[in-house]
Colleague: 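Below is the structure I would like to discuss, written out as structure tokens.
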Amino acid sequence: MPILRHVQIYPFSGFYDRRWGVEGRDESTDRMCRISRALCEVYSEEVRAHRVAMHCSILRISAVDYPPGRQDWGWAKYVSGAQDSMEWGHICAPERFSSWEAVAAKTWVLDAVHSIAVQMAEYRGLDPEPFEAARAAVLAAGFAYRLDGAWKSAPGRRLRARPRYWLHDDGFGRAVVEVSDPTGTVVAQTPQFLTFTTSEGMRRSARTLRWVQPRRLQFIPFADPLGLGERVWEITVRPGGDGTGFGVEVSEAEAEEIDWAAEIGNALTAQGIPPERADRVIMRAQRQREHPLRTVASEGPVPLGAARITPPRHATEADSPQT
């Protein structure tokens, strides 16, 4: 029997520089979708750990834009029997939600998501304890979601590397690659990369990290579900300029020249996806490829803790992963 694996507000991804979801989406709903990513990932992980037996594996909560002229504080509602393939709910952010302080906004979203989950549990006759534990887990995590990839040893085992990920309030993830010596001491770290919006995207990315030489790695930070427009980055570990420690150089790996848009279009068509939808998917991939946050400079070694990358909007030192 399936277990409940995902509790998510939909849409859970979109363009970096455009509002998520339907055309004309209001600013408050867009913000709600974006800040929900981290807390929904933590909530879902805790629910999965309790292995809640269900007829489906997803509770999807569809974001609804705020109707003009209504004066209320938003709402959240479970929709019973909407689909056999997933559980369903609707959520509408309060008016002027886009101007709320961050902690208050995240608390409101958490309480709204949790209320829908509890409504579903009551309707389905489920134990509410896993959902109470999930809410507590989000609060204990400070509404933050982080994921560390596995350490991978270089040929000769003199160095190891792992990717570290976290979700930002803009809905997208960030990643760095850490390099350690045989004692486990981190000796170098890359600048930040932009990643996809989900933990699954982070895990796909983590699997791409590989050593190609004793001091050179390859890495794909942005791994969306269809593999559209993925860029491979080369990370070279070099001794520091003063003869001690290490630094890293990051550059885009040379790729075979192909008409990737045509290749993707053919693949989508083969899956029965209508041409007009395929065109939208290709356009989205192209925009993601060209976004400046996905490029890093390679002017020389980058010392531990440095970040030579166009900083994410709203990014602060607190955005970096915690040890």
Side-chain angles (χ1 to χ4, degrees), residues 1-14 20-22 25-26 28-95 97 100 103-145 167 171 197-201 225:
M1 188 174 188
I3 63 169
L4 185 61
R5 304 186 64 84
H6 300 285
V7 179
Q8 58 191 205
I9 290 181
Y10 185 85
F12 50 79
S13 67
W20 290 8
V22 298
R25 169 128 291 167
D26 66 52
S28 290
T29 307
D30 180 66
R31 187 190 186 202
M32 176 182 67
C33 292
R34 290 174 184 264
I35 66 173
S36 76
R37 289 304 314 126
L39 66 90
C40 281
E41 290 289 357
V42 178
Y43 197 99
S44 297
E45 280 200 351
E46 186 67 22
V47 169
R48 284 197 295 273
H50 284 78
R51 301 191 63 81
V52 178
M54 292 276 293
H55 67 96
C56 63
S57 60
I58 299 174
L59 169 55
R60 177 166 291 178
I61 303 169
S62 182
V64 179
D65 285 319
Y66 192 89
R70 286 187 54 184
Q71 301 295 320
D72 64 25
W73 288 89
W75 49 269
K77 181 180 180 181
Y78 169 64
V79 181
S80 60
Q83 291 188 22
D84 293 334
S85 59
M86 66 182 69
E87 296 286 355
W88 204 266
H90 289 156
I91 187 170
C92 180
E95 192 175 24
F97 184 75
W100 283 26
V103 173
K106 293 173 185 179
T107 301
W108 186 91
V109 174
L110 172 61
D111 288 343
V113 168
H114 180 62
S115 72
I116 292 174
V118 170
Q119 291 173 49
M120 179 195 70
E122 181 177 1
Y123 178 78
R124 295 293 182 185
L126 303 173
D127 181 359
E129 177 55 32
F131 304 101
E132 297 296 340
R135 182 180 185 278
V138 175
L139 294 174
F143 301 98
Y145 179 79
L167 279 165
T197 61
T198 66
S199 60
E200 290 91 343

Colleague: Is any side-chain heavy atom of W20 closer than 4.5 Å to a side-chain heavy atom of T197?
Modeller: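 Of all side-chain heavy-atom pairs linking T197 with W20, at least one is under 4.5 Å.
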Colleague: Measure the CD-CD distance between E129 and E132 for me, rounded to the nearest 0.5 Å.
Modeller: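 Spacing of CD (E129) from CD (E132) equals 7.0 Å.
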Colleague: Search all heavy atoms of A63 against all heavy atoms of C33 and return the closest pair with its distance.
Modeller: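 What the structure gives for the nearest pair is CB-SG, 3.6 Å.
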Colleague: How about E45 and Y145: do any of their side-chain heavy atoms sit closer than 4.5 Å?
Modeller: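 Side chain of E45 against side chain of Y145, heavy atoms only: contact under 4.5 Å found.
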Colleague: Using every non-hydrogen atom in the two residues, find where R5 and R48 come nearest and quote the distance to one decimal.
Modeller: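 Where R5 meets R48 most closely, the heavy atoms are O-NH1, 2.5 Å.
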Colleague: Just how far is it from atom CE of M32 to atom CG of D30, taken to the nearest 0.5 Å?
Modeller: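 Reported to 0.5 Å precision, the distance equals 9.5 Å.
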Colleague: Can you tell me how far apart NE2 (H6) and OG1 (T198) are? Round to the nearest 0.5 Å.
Modeller: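 So the gap between those two atoms works out to 8.5 Å.
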Colleague: List the atom of H114, the atom of F131, and the distance in Å for their closest heavy-atom pair.
Modeller: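 Smallest interatomic distance, heavy atoms only, reads CE1-O, 3.2 Å.
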Colleague: Is a side-chain N or O of R31 found less than 3.5 angstrom from the main chain of F97, in a donor-acceptor match?
Modeller: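 Yes; at least one donor-acceptor contact below 3.5 Å.
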Colleague: Is any side-chain heavy atom of L110 closer than 4.5 Å to a side-chain heavy atom of Y43?
Modeller: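 They are in contact (side-chain heavy atoms under 4.5 Å apart), so the answer is yes.
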Colleague: Working to the nearest 0.5 Å, report the span between CE of M54 and CD1 of I3.
Modeller: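 Output value for this atom pair is 11.0 Å.
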Colleague: Measure across A112 and I91 and return the closest heavy-atom pair with its distance rounded to 0.1 Å.
Modeller: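 The pair with the smallest heavy-atom distance is CB-CD1, 3.6 Å.
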Colleague: Looking at S85 and C56, what are the two nearest heavy atoms and their distance?
Modeller: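 The answer is O-CB, 3.3 Å.
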Colleague: Would you please classify the geometry between the W88 ring and the H90 ring as parallel, tilted or perpendicular, with 30° and 60° separating the classes?
Modeller: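 Aromatic pair H90/W88 classed perpendicular.
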Colleague: With heavy-atom distances below 4.5 Å as the criterion, would you say the side chains of V109 and I9 are in contact?
Modeller: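 Of all side-chain heavy-atom pairs linking I9 with V109, at least one is under 4.5 Å.
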Colleague: Heavy-atom distance under 4.5 Å between the side chains of V138 and K106, does that happen here?
Modeller: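 Side-chain contact under 4.5 Å: no.
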Colleague: Rounded to the nearest 0.5 Å, what separation is found between the CD1 atom of I35 and the CZ atom of F143?
Modeller: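 The distance works out to 9.0 Å.
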Colleague: Given side chains that start at C-beta, do those of M120 and L4 come closer than 4.5 Å, heavy atoms only?
Modeller: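 Result yes, sub-4.5 Å side-chain heavy-atom pair found.
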Colleague: Where do W75 and V64 land on the side-chain contact (heavy atoms from CB on, under 4.5 Å) test, with the steps shown first?
Modeller: CA-CA 10 Å; W75 49 269; V64 179; 4.3 Å; yes
Colleague: Hey, are the side chains of H55 and R124 touching, using non-hydrogen atoms and a 4.5 Å cut-off?
Modeller: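 Of all side-chain heavy-atom pairs linking R124 with H55, at least one is under 4.5 Å.
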Colleague: Please report the closest heavy-atom contact between A93 and W108, naming both atoms and the distance.
Modeller: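 Here A93 and W108 meet closest at CA-CH2, 3.9 Å.
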Colleague: Do the non-hydrogen side-chain atoms of E200 and E41 ever get within less than 4.5 Å of each other?
Modeller: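 The answer is yes, as the side chains (C-beta and beyond) meet within the 4.5 Å cut-off.
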Colleague: What's the spacing between I116 CD1 and D111 CG if we round to 0.5 Å?
Modeller: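 So the CD1 of I116 and the CG of D111 are separated by 11.5 Å.
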